[in-house]
Amino acid sequence: MNPVMILQTSIVTAMGDTLSDTWEKLCNGNGAVAAVNRFPVNKPGYHQAACISDLDTADEGKTIWLIKKLLPQLSPPADDTFLIWTGIKGGVENIERIAEGSFPTEYQYAADYRQYVRGHFKLSPNGMDINAACAASTVGVCIGADMIGRGEAESVLVIGADWVSRFTFLGFGALNALTKTACRPFDKKRDGLALGDGAAGIHLVSEHYLEKTGSRPLAQLTGWGISNDALHITRPDLSGNGLISAVNTALTTAELSPGDIGAFCAHGTGTVYNDTMELAAVSNVFGERKFPLFSVKGALGHTLGAAGAIETAISIKALKAGKVPPTYNCSHPEDAARARVANGCQPLSSDIIMTSNSGFGGINAALILKDMP
Amino acid sequence: VSVLVAGGGFVLPSGFGKIRDIPLFNVNTSIPALPDLKDIAIKTPGRWGRFDLFTRLGYISAAMALQDAGYDGLENANCGMVASSCYETVNTDRRFYDTTIEAGGAFSSPNLFSYTLPVTLIGECCSQFHLKGPSFSLGDNAENKGLSVIKTAVRFIESGTADKMLAGVVEDPPEEVDAYPFSIFVLLEKGEMKKENGKGILTMQPDGTIHKDGKMLWSIGDLFHI
């Protein structure tokens with residue numbers, strides 16, 4: 001298997017237009033979740049999300065607006081770069097626009113957004129779209145890593161963007177998944193997730209690509225794994241068995257043991273079920289070991305198909321900074337989260353970080369990142 | 001590593017069947033006639049009544065592919081699933097959004113929302129057939145003719161990530177598109193060719209093309225007699 005390197009990352013979140021902006025605010029203990037003004041929310045009983053206010057007036061389409069903010073942050077990749085698009089629900093904007101009696105955008109399906117990004121960078125390969133629900137961009141990074149590892153590609157760009165639509169807001173609300181108070185990952189009083197606007201790009205390359213371009217990588221992607229709970233379409237397996245399988249596959253690929261992992265960037269949605277499942281998986285794999293575990297969703301909201309890529313970028317930033325950001329709103333951690341989750345920054349215990357995401361359909365995916373100083 | 005085509009199932013407007021079947025003639029050529037699950041010896045999943053057309057189409061073909069390969073379920077096998085679609089769940093998306101219009105969204109349907117992602121099909125199949133390997137959905141271009149999922153599945157088996165993969169295409173196009181609903185799935189597995197089943201060996205070429213028994217595949221339908 002060829003080594004897989006991460007050359008560049010970029011993110012746009014409700015906390016900032018760049019990774020540096022978001023990182024600084026995260027570490028300062030800020031959060032972007034607030035009352036939703038994008039559409040009326042007086043009836044449903046839940047009312048919070050992390051929205052980018054400028055997005056509300058994006059005539060050309062909200063997903064395209066996010067992409068246009070994101071792409072200039074990336075240096076153009078080689079034209080034989082394989083593109084993987086991981087946004088999962090951008091197309092519902094047209095359903096909403098038609099229902100409101102306004103003109104639809106010219107973008108309806110995932111392939112339309114992929115073709116836009118392809119055109120922007122003038123990429124030759126057709127690329128692919130991956131929909132793995134809330135684990136989509138993590139799965140996208142896994143597939144890209146597999147392609148580079150097997151020598152099928154020298155360069156893979158994973159791009160995802162999703163935003164708080166009335167469609168997803170009411171849908172998650174109907175499932176009783178949205179918080180009615182505040183999104184509190186791993187807190188005993190947690191009562192649901194908050195959605196968020198966001199976009200991210202992760203550029204994976206081979207060593208040969210680095211040599212050809214004279215570039216230096218940010219990190220090495222040493223391990224990755226994908227699994228399925230095989231239990232339910234929306235509810236996670238509370239035993240954590242599915243996530244345990246993905247994490248163990250990633251550790252095996254990386255030829256590492258759990259003790260090598262310096263911190264864990266969890267999916268941490270703030271729902272009762274997800275966080276219970278993740279803590280069960282962490283306890284199973286890492287035993288009683290106390291090491292930094294964190295979630296950024298209390299501050300940034302859940303950005304669906306962009307979440308995994310945003311968290312990958314933040315994890316790489318954490319490797320560079322030697323610390324992980326606070327878990328916003330977690331003031332009374334669950335027992336299994338005690339001495340792991342903190343509401344302040346925590347130092348990394350090694351130069352290796354693991355990140356994972358789980359989604360509807362029972363999908364789990366995990367990545368292991370090693371700093372490249 | 002040899003990648004064996006172990007079985008396949010399809011539902012088309014012209015009929016349904018397995019790899020060696022000739023589809024039954026169906027007078028209505030725009031809407032597939034879904035078989036009664038009992039008639040084809042497929043266990044009815046608990047949420048069948050809630051399944052949308054997308055999920056029903058995919059589930060039947062996936063179940064027939066497993067049946068064709070001689071499997072009831074894959075409890076202890078490292079089997080994953082990958083499905084592709086151009087139009088994903090757009091029809092169910094629209095039906096869900098219709099439920100949000102009245103009363104400020106107070107009556108939004110949780111049942112419909114659960115089926116507004118193509119991975120819901122994956123979740124239904126993985127829970128019913130006990131598939132615990134890598135699984136996700138691909139968006140696809142019509143010109144790929146289902147080969148993206150075959151390549152992805154072959155890649156997983158060749159790398160040892162999975163021993164078996166269910167791979168297929170499901171389409172439930174919106175009314176404004178001149179296309180018909182259908183589904184087609186194959187079960188691929190690591191292993192040597194057995195004379196008695198003879199459904200073919202797949203190989204991925206260095207140029208990225210997929211060959212079955214030495215002949216290049218142009219579409220997933222080339223694995224069937226359709």
Side-chain angles (χ1 to χ4, degrees), chain A residues 1 39-45 85 88-89 91-92 95-96 98-99 108-111 114 126 128-133 135-136 139 142-143 146-147 149-150 152 166-176 225-234 241-242 245 249 359-363 365, chain B residues 47 55 75 80-81 84-88 90 93-94 96-101 103-124 126-141 143-144 148 152 155-156 158-159 161 174 204 206 208:
Chain A
M1 194 70 100
F39 40 79
V41 291
N42 51 332
K43 290 282 184 186
W85 170 258
I88 60 172
K89 273 296 169 201
V92 299
I95 294 176
E96 295 190 356
I98 290 165
Q108 174 68 59
Y109 300 104
R114 169 165 45 87
N126 208 6
M128 66 164 71
D129 319 308
I130 287 180
N131 191 326
V139 169
C142 291
I143 300 304
D146 222 34
M147 293 178 72
R150 284 164 52 88
E152 284 177 39
R166 186 173 180 272
F167 182 106
T168 50
F169 190 84
L170 293 174
F172 277 101
L175 292 175
N176 287 321
I226 312 171
S227 69
N228 197 288
D229 287 349
L231 184 77
H232 194 267
I233 53 172
T234 56
N241 284 338
S245 172
T249 301
F360 283 4
I363 297 169
Chain B
R47 281 180 295 273
T55 311
E75 186 82 61
M81 179 171 179
S84 81
S85 174
C86 293
Y87 306 106
E88 300 193 329
V90 63
D93 291 359
R94 290 172 182 178
F96 165 72
Y97 202 70
D98 286 346
T99 72
T100 73
I101 303 299
F107 303 131
S108 306
S109 167
N111 291 346
L112 279 172
F113 183 68
S114 299
Y115 289 87
T116 59
L117 285 171
V119 288
T120 302
L121 163 67
I122 304 269
E124 294 289 10
C126 287
S127 59
Q128 195 67 29
F129 308 134
H130 314 292
L131 315 179
K132 295 183 176 177
S135 50
F136 52 90
S137 178
L138 292 181
D140 211 348
N141 292 0
E143 63 265 29
N144 286 346
S148 299
T152 303
R155 188 183 292 131
F156 278 131
E158 284 188 348
S159 67
T161 306
M204 181 132 70

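As the structure is a prediction and not an experimental result, all values here were calculated from the model. Both backbone and side-chain heavy atoms feed into the values below; hydrogens, waters and symmetry mates do not.
Each of I226(A), T168(A), N131(A) has some count of heavy-atom pairs under 4.5 Å with chain B, and the biggest count is that of N131(A). Chain A forms more heavy-atom pairs under 4.5 Å with one residue of R155(B), R47(B), H130(B), M204(B) than with any other, namely R155(B). The candidate with the highest count of non-hydrogen atom pairs below 4.5 Å against chain A, out of A103(B), P206(B), S85(B), G208(B), is A103(B). Between chain B and the options V41(A), L231(A), V92(A), I98(A), heavy-atom pairs under 4.5 Å are most frequent for L231(A). In terms of heavy-atom pairs under 4.5 angstrom with chain B, the leader among A136(A), G362(A), G149(A), A133(A) is A133(A). Note on D93(B), T120(B), T152(B): by heavy-atom pairs under 4.5 Å with chain A, the leading option is D93(B). Among D229(A), T249(A), I88(A), I143(A), the residue making the largest number of heavy-atom pairs under 4.5 Å with chain B is I143(A).
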Please assess K132(B) against N241(A) for the test side-chain contact (heavy atoms from CB on, under 4.5 Å), listing each intermediate value before the final yes or no.
-> CA-CA 10 Å; K132(B) 295 183 176 177; N241(A) 284 338; over 6 Å; no
| task | Give the intermediate values and the outcome of side-chain contact (heavy atoms from CB on, under 4.5 Å) for residues V119(B) and I363(A). | result | CA-CA 9 Å; V119(B) 288; I363(A) 297 169; 3.6 Å; yes
Take N228(A) and S135(B) through the test side chain to side chain donor-acceptor pair (under 3.5 Å) and record every step on the way to the result. CA-CA 6 Å; N228(A) 197 288; S135(B) 50; 2.9 Å; yes
- request: Take S127(B) and H232(A), measure what side-chain contact (heavy atoms from CB on, under 4.5 Å) needs, and give me the verdict at the end.
  value: CA-CA 6 Å; S127(B) 59; H232(A) 194 267; over 6 Å; no
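Interface remark: L138(B) contributes backbone and side-chain atoms alike to the contact with chain A (heavy atom separation under 4.5 Å). Looking at S148(B), neither its backbone nor its side chain comes within 4.5 Å of chain A, counting heavy atoms on both sides. At a 4.5 Å heavy-atom cutoff, the contact between T234(A) and chain B is made by side-chain atoms alone. In this structure, chain A has a heavy atom under 4.5 Å from the side chain of F156(B), while its backbone stays farther away. Looking at E96(A), both its backbone and its side chain come within 4.5 Å of chain B, counting heavy atoms on both sides. With a threshold of 4.5 angstrom between heavy atoms, M81(B) does not approach chain A through any atom at all. With a 4.5 angstrom heavy-atom cutoff, I130(A) touches chain B via backbone and side-chain atoms both. Interface remark: E158(B) contributes backbone and side-chain atoms alike to the contact with chain A (heavy atom separation under 4.5 Å).
The two residues P174(B) and Y109(A) come nearest to each other via the heavy atoms CG-OH, 3.3 Å.
For the atom pair OG of S108(B) and CZ of F172(A), the computed distance is 13.0 Å after rounding to the nearest 0.5 Å. Note that CG of L170(A) and CZ of F107(B) are 12.5 Å apart. Values are rounded to the nearest 0.5 Å. The distance from the CG atom of D146(A) to the OG1 atom of T161(B) is 5.0 Å, given to the nearest 0.5 Å. One finds the OG atom of S84(B) at 10.0 Å from the CE atom of M128(A) (value rounded to the nearest 0.5 Å).
Under the rule for a side-chain hydrogen bond (donor to acceptor under 3.5 Å, both in side chains), the partners of R166(A) that lie at least two apart in sequence or sit in another chain are Y97(B), T100(B).
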Under 3.5 Å donor-acceptor pairs involving side-chain atoms of residues 109-118 of chain B, not counting sequence neighbours:
{"unit_1": "S109(B)", "atom_1": "OG", "unit_2": "N111(B)", "atom_2": "N", "d": "3.4"}
{"unit_1": "S109(B)", "atom_1": "OG", "unit_2": "L112(B)", "atom_2": "N", "d": "3.0"}
{"unit_1": "N111(B)", "atom_1": "OD1", "unit_2": "R50(B)", "atom_2": "NH1", "d": "3.4"}
{"unit_1": "S114(B)", "atom_1": "OG", "unit_2": "P110(B)", "atom_2": "O", "d": "2.9"}
{"unit_1": "Y115(B)", "atom_1": "OH", "unit_2": "E124(B)", "atom_2": "OE2", "d": "2.6"}
{"unit_1": "T116(B)", "atom_1": "OG1", "unit_2": "F113(B)", "atom_2": "O", "d": "2.6"}

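For the pair K89(A) and E88(B), the minimum side-chain heavy-atom distance is 4.5 Å or more.
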